[in-house]
Amino acid sequence: MILTETQVAIRDAVRAFASERLAPGAAARDREHRFPGAELKELGSLGFLGMLVPEDHGGSATDLVSYALALEEIAAADGACSTIVSVHSSVGCMPIVKFGTQAQKERFLPKLASGEWIGGFALTEPQAGSDAAALRTRARRDGDHYVLSGAKQFITSGKNGDVIIVFAVTDPDAGKKGISAFIVPTDTPGYEVVRVEEKLGQHSSDTCQLAFNDMRLPADLRLGAEGEGLKIALSNLEGGRIGIASQCVGMARAAFEAARTYAKERVTFGKPIMEHQAVAFRLADMATRIEAARQMVLHAAALREAGLPCLTEASMAKLFASEMAEQVCSAAIQTFGGYGYLADFPVERIYRDVRVCQIYEGTSDVQRIVISRGL
Ligand SMILES: CC(C)(COP(=O)(O)OP(=O)(O)OC[C@H]1O[C@@H](n2cnc3c(N)ncnc32)[C@H](O)[C@@H]1OP(=O)(O)O)[C@@H](O)C(=O)NCCC(=O)NCCSC(=O)CCS(=O)O
């Protein structure tokens with residue numbers, strides 16, 4: 001895809017910020033499990049946390065291709081930070097942009113777009129992951145409130161976030177039409193972070209188990225109509241998957257660039273390893289697969305931006321990019337040899353960070369379900 005001048009300018013601006021302000025501290029944040037709060041504030045002040053939010057609600061209303069390019073740059077600098085930004089921007093903000101009332105938009109979007117608040121998305125439950133309709137969290141109407149009870153699992157920014165889009169059953173007899181969406185400020189009494197999970201990678205992004213203990217939520221925080229929740233969830237996950245695929249391209253690119261630099265410096269058998277055909281061919285394959293994934297991502301983003309159907313293309317992009325990224329990161333480690341396995345070089349962290357992209361916001365097999373339904 002040929003980028004416009006504006007898209008190139010946005011990509012380059014994010015690249016400059018990410019390489020100067022995000023990349024240098026990424027390894028330390030990972031080691032210390034430290035949330036990138038200050039870095040997110042900076043991203044917000046530059047308009048990069050409201051890229052999908054309309055200008056009249058404080059966003060920068062950039063197109064989806066620019067957004068995908070921006071996420072690639074953030075991910076190339078810090079995979080964990082890109083997850084927080086991706087979840088915040090797509091499944092955190094977009095449900096409010098698309099389904100919110102005027103009052104909800106005015107209350108939440110300006111602060112989300114500026115980065116004063118970080119958004120999240122809570123669909124998954126301990127026993128309802130891929131089968132999104134199997135939720136057990138209940139929202140019972142009580143006068144001008146709903147009372148939410150239940151548990152959520154694997155929620156990005158569940159601890160450090162401020163506003164989470166929560167899905168719960170309002171009518172247990174209505175099946176998929178009995179699920180509704182809610183905007184939940186995380187300081188609502190009854191909102192509990194049960195556990196911040198220990199995990200393989202992405203250590204500076206918190207992934208939480210949540211509980212709602214008879215959490216009373218004003219009825220005006222219901223998002224969309226009663227029963228519209230599953231549609232709100234799945235339609236936004238479609239956009240979210242383009243974001244995850246962009247992250248994969250960014251992380252794979254960072255691993256590739258590190259391996260390429262190393263291959264030009266490291267000498268064996270009297271010459272840089274880049275001059276050994278086995279290494280050069282490996283790098284050629286890595287570069288080719290990254291570019292293929294990038295074009296799939298940008299194509300899906302362009303379709304969605306144009307308002308055209310892109311369910312299949314978004315799932316294909318996520319499936320291909322996430323599997324490509326693990327393979328490319330593994331090949332990067334191989335290029336470094338033993339040093340690639342050490343925490344001294346970035347490829348070890350990137351390899352750990354990228355693995356989850358085949359799981360969150362729809363596993364590879366869920367993407368195959370979606371793709372095969374459209375065949
Ligand atoms: C595996 C699934 C695809 C199966 O889906 P279902 O068969 O249960 O649902 P459907 O009957 O297909 O759809 C229900 C309803 O929604 C409408 N819909 C579906 N997709 C879209 C769309 N892309 N755009 C608009 N509308 C859509 C559909 O038309 C139906 O409405 P009607 O009945 O026609 O009115 C699905 O279960 C699935 O995708 N599973 C994976 C879930 C997933 O990705 N979970 C991860 C969530 S992330 C999270 O919770 C936290 C982690 S993080 O912090 O990101």
Side-chain angles (χ1 to χ4, degrees), residues 71 80-95 98-99 118-137 150-161 163-169 171 174-182 184 186 193 196-197 199 202 205-210 224-245 247 300 303-304 307-319 322 356-374:
L71 262 186
C81 184
S82 72
T83 294
I84 301 164
V85 174
S86 177
V87 169
H88 164 90
S89 304
S90 57
V91 290
C93 292
M94 284 310 285
K98 281 164 55 182
F99 295 94
I118 294 298
F121 182 85
L123 176 65
T124 303
E125 299 188 354
Q127 69 297 316
S130 292
D131 185 1
L135 301 189
R136 291 190 194 165
T137 294
K152 293 287 175 183
Q153 182 63 286
F154 303 127
I155 308 307
T156 303
S157 304
K159 174 168 176 273
N160 289 300
V163 179
I164 310 283
I165 308 296
V166 171
F167 298 87
V169 176
D171 181 354
K176 292 180 188 180
K177 302 276 189 213
I179 296 170
S180 303
F182 298 90
V184 176
T186 57
V193 178
V196 179
E197 305 290 359
K199 52 196 199 286
Q202 304 229 0
S205 154
D206 57 295
T207 304
C208 300
Q209 189 183 114
L210 305 178
E226 264 202 18
E228 219 183 357
L230 189 60
K231 184 173 144 191
I232 293 174
L234 296 182
S235 63
N236 284 288
L237 279 168
E238 185 180 324
R241 288 166 184 164
I242 298 173
I244 306 290
Q247 291 180 255
L303 287 176
R304 194 167 168 87
L308 295 168
C310 67
L311 184 57
T312 301
E313 289 80 1
S315 284
M316 283 178 169
K318 182 183 186 282
L319 173 64
S322 59
V356 72
C357 296
Q358 293 170 68
I359 302 171
Y360 63 8
E361 293 200 16
T363 63
S364 285
D365 288 329
V366 162
Q367 307 315 322
R368 290 186 175 96
I369 292 174
V370 173
I371 295 163
S372 60
R373 281 179 174 183

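If you're wondering where the values come from, they're calculated on a predicted model, not measured in any experiment. Both counts, for ligands and for their atoms, begin at 1 and track the order of listing.
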Which ligand 1 atoms does [X] reach within 4.0 Å, using its non-hydrogen atoms?
X      : value
Leu123 : 47 (C), 50 (O)
Arg241 : 39 (O), 41 (C), 43 (C), 44 (O)
Thr156 : 53 (S), 54 (O)
Lys231 : 16 (O), 26 (N)
Gly362 : 43 (C), 44 (O), 46 (C)
Leu311 : 23 (N)
Val87  : 55 (O)

At a 4.0 Å cut-off, with the gap strictly under it, does some heavy atom of [X] reach an atom of ligand 1?
X      : answer
Leu237 : yes
Tyr360 : no
Gly120 : no

Judged by atom type as modelled, is there a donor-acceptor pair below 3.5 Å linking the side chain of [X] to the main-chain atoms of [Y]?
X      : Y      : answer
Ser372 : Ile369 : yes
Thr363 : Val366 : yes
Thr207 : Thr156 : no
Thr186 : Gly161 : yes
Asp206 : Gly158 : yes
Glu361 : Leu237 : no

Return the residue, atom name and 0.1 Å-rounded distance of the protein heavy atom closest to [atom].
atom                    : answer
atom 24 (N) of ligand 1 : Ser235 CB, 3.2 Å
atom 6 (P) of ligand 1  : Lys176 NZ, 3.4 Å
atom 20 (N) of ligand 1 : Leu234 CB, 3.4 Å
atom 14 (C) of ligand 1 : Leu230 CD2, 3.5 Å
atom 51 (C) of ligand 1 : Phe121 O, 3.3 Å
atom 52 (C) of ligand 1 : Phe154 O, 3.1 Å
atom 49 (C) of ligand 1 : Thr124 OG1, 3.3 Å

Any idea which of [options] brings a heavy atom closest to [atom]?
atom                    : options                       : answer
atom 5 (O) of ligand 1  : His88, Lys318, Arg373         : Arg373
atom 32 (P) of ligand 1 : Glu125, Glu361, Lys177        : Lys177
atom 40 (N) of ligand 1 : Ser130, Ala132, Gly92, Ala128 : Ser130

- Message: For ligand 1, which is the ligand I care about here, please tell me if Asp131 has any N or O atom under 3.5 Å from one of the ligand's N or O atoms.
- Response: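 So ligand 1 has no N or O lying under 3.5 Å from an N or O of Asp131.
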- Message: How close do Ser90 and Ser86 get, counting heavy atoms only, and between which atoms?
- Response: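 Residues Ser90 and Ser86, closest heavy atoms: OG-O, 2.6 Å.
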- Message: Show the nearest heavy-atom pair for residues Ile359 and Lys318, with the distance to one decimal.
- Response: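 Heavy-atom minimum between the residues: N-NZ, 4.3 Å.
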- Item | The single option from Arg304, Met316, Arg241 passing side-chain contact (heavy atoms from CB on, under 4.5 Å) against Cys310 |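 When side-chain contact (heavy atoms from CB on, under 4.5 Å) is applied between Cys310 and each of Arg304, Met316, Arg241, only Arg304 qualifies.
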- Message: If the condition is salt bridge (charged side-chain N to carboxylate O under 4.0 Å, His left out), which residues does Glu228 pass it with, not counting sequence neighbours?
- Response: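 Glu228: no salt bridge (charged side-chain N to carboxylate O under 4.0 Å, His left out) contacts found.
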- Would you indicate whether Lys159, at its atom NZ, is surrounded by more than 12 heavy atoms from other residues, nucleotides or ligands within a distance under 6.0 Å?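 Atom NZ in Lys159 is not crowded, with 12 or fewer foreign heavy atoms closer than 6.0 Å.
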Relative to ligand 1, is [X] under 4.0 angstrom through side chain, backbone, both or neither, heavy atoms considered?
X      : answer
Glu238 : side chain
Gln153 : neither
Val366 : side chain

Side-chain donor-acceptor distances from residues 122-129 under 3.5 Å, at least two apart:
{"unit_1": "Glu125", "atom_1": "OE1", "unit_2": "Gln127", "atom_2": "NE2", "d": "3.3"}
{"unit_1": "Glu125", "atom_1": "OE1", "unit_2": "Arg136", "atom_2": "N", "d": "2.6"}
{"unit_1": "Glu125", "atom_1": "OE1", "unit_2": "Thr137", "atom_2": "N", "d": "3.4"}
{"unit_1": "Glu125", "atom_1": "OE2", "unit_2": "Thr137", "atom_2": "N", "d": "3.1"}
{"unit_1": "Glu125", "atom_1": "OE2", "unit_2": "Thr137", "atom_2": "OG1", "d": "2.7"}
{"unit_1": "Glu125", "atom_1": "OE2", "unit_2": "Lys152", "atom_2": "NZ", "d": "2.9"}

- Task: Flag atom 30 (C) of ligand 1 as yes if some protein heavy-atom distance to it falls below 4.0 Å, otherwise no.
- Result: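 No; the ligand atom in question lacks any protein heavy-atom contact below 4.0 Å.
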- Message: We want to know whether Thr83 and Tyr360 form a side-chain donor-acceptor pair, criterion being a heavy-atom distance below 3.5 angstrom.
- Response: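 Tyr360 and Thr83 do have a side-chain donor-acceptor pair below 3.5 Å.
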- Query: Does the side chain of Ser322 come under 3.5 Å of the side chain of Gln358 through a donor N or O and an acceptor N or O?
  - Reply: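 No, no side-chain donor-acceptor pair sits under 3.5 Å.
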- Item | Pairwise side-chain contact, Leu311 with Val370, heavy-atom cut-off 4.5 Å (strictly under) |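 Yes. Closest side-chain heavy atoms under 4.5 Å.
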